[in-house]
Visitor: 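Mind having a look at this structure? Questions to follow.
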Amino acid sequence: MPASKKERVFSGIQPSGNVHIGNYLGAIKRWVDEQDRFDNIFCIVDLHAITVPQDPKTLRNKIREVAALLLAAGINPQHSPVFVQSHISAHAELAWILNCITPMGWMERMIQYKEKSSANKERVSVGLFDYPALMAADILLYRTDLVPVGEDQQQHVELARDIAQRFNNTYGETFVLPKAVVPAQSSRIMGLDNPAKKMSKSSGGAKHAVSLLDSPKIIRAKIMSAATDSRNEIRFDATRPGIYNLLLIYEQFSARKRADIEREFSGKGYAELKNALADLLIRHLEPLQARYKELRSDERTIESIVRESAERIRPLAEKTLQTVKEKMGLG
Ligand code: ATP
Ligand code: LTN
């Protein structure tokens, strides 16, 4: 096969918590929609997941769940390898090396760490602080050009670029400088129970997020109880975060124009919008859930897909690591 001329895309998702519609709109759907244009690699980042405590059995199951969800959403593993981060040890090894060339001050500026550690600074792990160095290793090992992520990850990708630049300046051209690709329209989906907080897998109450595997009944219950205001006027207005968030979700799942959506709901109440949104989500998630069930009915399929994916890309990761070691005088 001739060498691919397409740009390399790399992205990752944590096997922690339940994958939700924020992950889908901010990341997975875009990976699927754009997969033919690029030379992709998708990673289930289990080493990132253990930066906070995980139950071993649950973690092992979640890794397979997320792999099956990516395939059910439409990733074609023949074209776009889907692998598990801990299956390729070069990730942890390069992360250590990058640690040693990254100034503390750069790491201390990371907003996600500040947010996640603010409640409990004494207890959070060193790994949580160092999370972006491992993410930089993920990206840089595969000579990545583009990193499609939600807006919350943009700062981490920029850090990876800065680390790569610093390495290149010190040891000579080695790494490709990666670029984050975040959605043009704001697609940071907020929590249904609290539209001031981003929808997240690892925090929030029972009505916080719609998961991709929620039943129709649960999807409707969560949407119907979403926090809104008392204005009862349906318009895309970012100063009214609850209703704006529901409209954003509606817009992205329906792929319709804002003006068109506002026209449809003009003069109608919030309950009507919520019901229509629940219908839309149920309709979209049903086929994905059916494919997911089928994939999980035979665990060997998923296992062999993630193992083969790792075998295919391992030489690339090892080559980069070897070059880095040589340039630094290691070994
Ligand atoms: P956690 O809460 O455990 O940090 P998470 O929900 O942020 O998890 P990740 O696995 O960290 O999920 O992220 C997977 C992808 O989903 C990333 O590209 C991230 O930017 C994107 N993403 C996460 N949350 C949202 C959101 N609320 N809206 C849009 N995109 C999101
Ligand atoms: N930190 C990312 C997950 C992630 C990632 C990556 C994304 C780990 N390594 C490399 C893109 C590229 C997150 O979504 N929370």
Side-chain angles (χ1 to χ4, degrees), residues 8-32 40-54 59 62-63 65-66 69-70 73 83-86 88 91-92 94-95 98 110-113 115-117 124 127-128 130-161 163-164 178-183 185-204 208-212 241 245 248-249 252-253 317:
R8 161 67 38 80
V9 156
F10 184 100
S11 202
I13 182 163
Q14 300 191 66
S16 53
N18 294 322
V19 177
H20 52 73
I21 55 173
N23 301 132
Y24 182 71
L25 295 175
I28 301 169
K29 182 171 184 294
R30 295 164 48 221
W31 303 349
V32 172
N40 318 283
I41 300 176
F42 298 115
C43 183
I44 300 166
V45 294
D46 54 349
L47 295 172
H48 277 107
I50 60 162
T51 55
V52 297
Q54 302 288 345
L59 178 61
K62 277 285 158 193
I63 293 169
E65 178 181 305
V66 173
L69 272 174
L70 294 182
F83 78 108
V84 181
Q85 190 183 32
S86 65
I88 300 188
H91 289 250
L94 182 61
L98 298 181
M110 295 297 112
I111 295 161
Q112 179 172 296
Y113 173 74
E115 282 173 3
K116 290 200 173 184
S117 65
V124 295
L128 188 72
D130 196 36
Y131 180 116
L134 178 59
M135 182 161 161
D138 299 341
I139 295 168
L140 300 179
L141 276 175
Y142 300 96
R143 310 188 62 74
T144 302
D145 300 295
L146 304 170
V147 187
V149 281
E151 192 192 305
D152 59 308
Q153 294 300 315
Q154 184 165 9
Q155 195 188 28
H156 290 161
V157 181
E158 281 162 7
L159 179 74
R161 187 184 173 91
I163 295 173
K179 257 206 288 269
V181 190
V182 297
Q185 74 199 129
S186 163
S187 98
R188 183 183 284 223
I189 303 300
M190 308 308 275
L192 296 175
D193 54 349
N194 176 4
K197 271 190 77 181
K198 112 177 162 97
M199 188 176 280
S200 147
K201 286 200 236 97
S202 56
S203 60
H208 170 74
V210 171
S211 302
L212 297 188
N245 190 40
L248 268 187
I249 300 171
Q252 293 185 48
F253 272 96

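Atoms within a ligand are numbered from 1 in the order they appear, just like the ligands themselves. Residue numbers run from 1 in the order of the sequence given.
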Visitor: Does Arg161 reach the main-chain N or O of Pro178 with its side chain, forming a donor-acceptor pair under 3.5 Å?
Guide: yes
Visitor: Please list, by chain and number, the protein residues whose heavy atoms come under 4.0 Å of ligand 1.
Guide: Ile13, Gln14, Ser16, His20, Gly22, Asn23, Gly26, Ala27, Lys116, Val149, Gly150, Asp152, Gln153, Ser187, Arg188, Ile189, Lys198, Met199, Ser200, Lys201, Ser202
Visitor: With the criterion set at N/O pairs under 3.5 Å, what does the list of contacts between the protein and ligand 2 look like, atom names and distances included?
Guide:
from: ligand 2; atom 1: 1 (N); to: Tyr131; atom 2: OH; distance (Å): 2.7
from: ligand 2; atom 1: 1 (N); to: Gln153; atom 2: OE1; distance (Å): 3.0
from: ligand 2; atom 1: 9 (N); to: Asp138; atom 2: OD2; distance (Å): 2.7
from: ligand 2; atom 1: 15 (N); to: Tyr131; atom 2: OH; distance (Å): 2.9
from: ligand 2; atom 1: 15 (N); to: Gln153; atom 2: NE2; distance (Å): 3.0

Visitor: Can you classify the ring geometry of Phe10 versus Tyr142 as parallel (below 30°), tilted (30 to 60°) or perpendicular (above 60°)?
Guide: parallel
Visitor: Test Leu146 against every option in Val181, Asn40, Ile139 by the side chain to side chain contact (heavy atoms under 4.5 Å, CB included) rule and name the one that passes.
Guide: Val181
Visitor: Got a donor-acceptor contact below 3.5 angstrom from the Gln154 side chain to the Val182 backbone?
Guide: no
Visitor: I'd like to know if the side chain of His91 and the backbone of Ala137 have a donor-acceptor N/O pair within less than 3.5 Å.
Guide: no
Visitor: By the salt bridge (Lys or Arg N to Asp or Glu O under 4.0 Å) test, which pairs, at least two apart or in different chains, include something from residues 190-202?
Guide: Asp152-Lys198
Visitor: When you measure from the side chain of Ser11 to the backbone N and O of Pro148, does any donor-acceptor pair fall under 3.5 Å?
Guide: yes
Visitor: Just do the salt bridge (charged side-chain N to carboxylate O under 4.0 Å, His left out) check on Lys62 and Glu65 with the steps written out, would you?
Guide: CA-CA 5 Å; Lys62 277 285 158 193; Glu65 178 181 305; 3.0 Å; yes
Visitor: Can you list the residues that meet the side-chain contact (heavy atoms from CB on, under 4.5 Å) rule with Gln54, with sequence neighbours excluded?
Guide: Ser16, Ala49, Ile50, Val52, Leu59
